[in-house]
2 protein chains.
Amino acid sequence: MNDEELDLIFKALGDATRRRILDLLQERSERSLFEICASFVAADGKSLSRQTISQHLDMLERAGLITTSWKGRTKTHSLNVAPMQMATNQWLKKYL
Amino acid sequence: MNDEELDLIFKALGDATRRRILDLLQERSERSLFEICASFVAADGKSLSRQTISQHLDMLERAGLITTSWKGRTKTHSLNVAPMQMATNQWLKKYL
DNA sequence: TTGACATGCAGGCATTTTACTGCATTTCAT
DNA sequence: ATGAAATGCAGTAAAATGCCTGCATGTCAA
């Protein structure tokens, strides 16, 4: 876990939309991009464009916080908590 | 602890320079801007300008991660771990 | 009181981030 | 085989970030 990885993880967590996506995936993983968009609309009507959500998902994936796999023409996104746990154990822990 | 505060905290942590400043202040608090600059040079020779460090300190202060007080013509910076603890307890904890 | 010390403020510039629109590609179902 | 469904890719624009330089302000010490 080097500085660049910690940067990616904390930057990914530094946006309310991305934190909400993680919260969604913790409730239930294996969600498609469309399902995630729909959940945003359902929750508060304030919808972001599909491409915007997709970019957030890319950033979460680059940080290792989600994993993806293709099922036919849909790509499913799942939560991966390992980076948060590593960032906590290897850096944040000393402040807690 | 609302979304904006969590944004500020995680964004502040998403930069290696700022994490290093926090690490420095945990070793010993009540450091001036000049002391912090000097510690950076001493550690690896790779120095950032005084104003750049000052901007990082501003961001850390906006996130509540450091507190400041004036002693004559020097401003001392001290660590405040409360925001990290709150962010952990109120959001991050569920993933650990 | 004057000069050096510590910091603040303003502005510039390149890069990144966040949002969008429009078009292309792949895959499934009819 | 054709159309709809799910996603990807490219490009744009505004805002934020990270770095810098130069000048101004306030404070202590000789």
Side-chain angles (χ1 to χ4, degrees), chain A residues 3-22 24-25 29-42 44-63 65-78, chain B residues 3-22 24-25 29-42 44-63 65-78:
Chain A
D3 275 346
E4 285 103 48
E5 294 176 86
L6 283 174
D7 281 5
L8 286 176
I9 294 164
F10 284 123
K11 276 181 188 164
L13 299 183
D15 180 282
T17 299
R18 288 192 289 268
R19 289 196 302 276
R20 235 177 100 185
I21 291 173
L22 294 177
L24 268 177
L25 292 178
S29 265
E30 304 263 315
R31 300 217 203 201
S32 74
L33 171 56
F34 266 21
E35 286 179 279
I36 293 167
C37 292
S39 299
F40 268 70
V41 180
D44 56 10
K46 263 175 59 181
S47 67
L48 294 171
S49 79
R50 175 180 65 81
Q51 290 81 353
T52 296
I53 303 276
S54 179
Q55 284 173 342
H56 283 304
L57 290 171
D58 284 345
M59 195 165 303
L60 288 168
E61 190 174 8
R62 276 197 300 276
L65 291 164
I66 63 175
T67 58
T68 61
S69 75
W70 284 92
K71 304 247 158 77
R73 64 183 158 183
T74 74
K75 187 184 191 180
T76 64
H77 306 77
S78 297
Chain B
D3 274 346
E4 285 104 46
E5 293 176 87
L6 283 174
D7 282 5
L8 286 176
I9 294 164
F10 283 123
K11 277 179 187 164
L13 299 183
D15 180 282
T17 299
R18 288 192 290 269
R19 288 195 303 276
R20 236 177 101 185
I21 292 173
L22 294 176
L24 268 177
L25 293 178
S29 264
E30 303 263 317
R31 298 216 203 202
S32 74
L33 170 57
F34 266 21
E35 285 180 279
I36 293 168
C37 291
S39 299
F40 268 70
V41 180
D44 56 8
K46 264 176 59 181
S47 67
L48 293 171
S49 78
R50 175 179 65 81
Q51 289 81 354
T52 298
I53 303 277
S54 179
Q55 284 171 344
H56 283 305
L57 290 171
D58 284 345
M59 196 166 303
L60 288 168
E61 190 174 9
R62 277 197 299 277
L65 290 164
I66 62 175
T67 58
T68 61
S69 75
W70 284 92
K71 304 246 159 76
R73 66 184 157 182
T74 75
K75 188 184 190 181
T76 64
H77 305 77
S78 297

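Lettering follows sequence order; numbering is per chain, from 1. Below, each value reflects all heavy atoms present in this structure, side chains not excepted, and no hydrogens, waters or symmetry copies.
Scanning for salt bridge (charged side-chain N to carboxylate O under 4.0 Å, His left out) contacts around A/E61 gives an empty result, with sequence neighbours left out. With sequence neighbours excluded, the residues forming a salt bridge (charged side-chain N to carboxylate O under 4.0 Å, His left out) with A/E35 are A/R28, listed by chain and number. Not counting sequence neighbours, the partners of B/D7 by the side-chain hydrogen bond (donor to acceptor under 3.5 Å, both in side chains) test are A/R19. Residues meeting the side-chain hydrogen bond (donor to acceptor under 3.5 Å, both in side chains) test with A/T67, sequence neighbours left out: none. Listed by chain and residue number, nothing satisfies the side-chain hydrogen bond (donor to acceptor under 3.5 Å, both in side chains) test with B/T74 (two or more places apart in sequence, or in another chain).
Spacing between atom CG of A/D58 and atom P of C/dT16 amounts to 16 Å, rounded to whole angstrom units. Protein atom CD of A/E35 is 8 Å distant from nucleotide atom P of D/dT7, rounded to whole Å. Between the CG atom of B/L57 and the C1' atom of C/dG8 there is a distance of 13 Å, given to the nearest Å. A/R31 has its CZ atom 16 Å from the P atom of D/dA6, to the nearest Å. With rounding to whole Å, B/F10 atom CZ is found 19 Å from C/dT17 atom C1'. The nearest whole Å value for the distance from the NZ atom in A/K71 to the P atom in D/dT7 is 13 Å.
Checking the phosphate oxygens (OP1, OP2) of D/dT27, no side-chain nitrogen or oxygen of B/T74 falls inside 4.0 Å.
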Base-contact (B) and sugar-phosphate-only (S) positions in nucleotides 11-26 of chain D, heavy-atom cut-off under 4.0 Å, - elsewhere: -------SBBBB----
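Interatomic distance, CG of B/L65 versus OG of B/S78, reported as 13.0 Å (0.5 Å rounding).
End-to-end axis angle of the helix from C/dT1-D/dA30 to C/dT30-D/dA1, from C1' rotation axes over five pairs per end: 20° (rounded to 10 degrees).
Residues in residues 65-78 of chain A take part in these salt bridge (charged side-chain N to carboxylate O under 4.0 Å, His left out) pairs, two or more places apart or across chains: A/E30-A/K71.
DNA chain C is contacted by both B/W70 and A/G72; B/W70 maps to the nucleotide lying nearer its 5′ end (nearest heavy atom per residue).
A/H77 places no side-chain N or O within donor-acceptor distance of the main-chain N or O of A/S32, the cut-off being under 3.5 Å.
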Return all side-chain donor-acceptor pairs below 3.5 angstrom for residues 49-56 of chain A, not counting sequence neighbours, or 'none' if the list is empty.
{"from": "A/S49", "atom 1": "OG", "to": "A/T52", "atom 2": "N", "distance (Å)": "3.1"}
{"from": "A/S49", "atom 1": "OG", "to": "A/T52", "atom 2": "OG1", "distance (Å)": "2.9"}
{"from": "A/H56", "atom 1": "ND1", "to": "A/R18", "atom 2": "NH1", "distance (Å)": "3.0"}

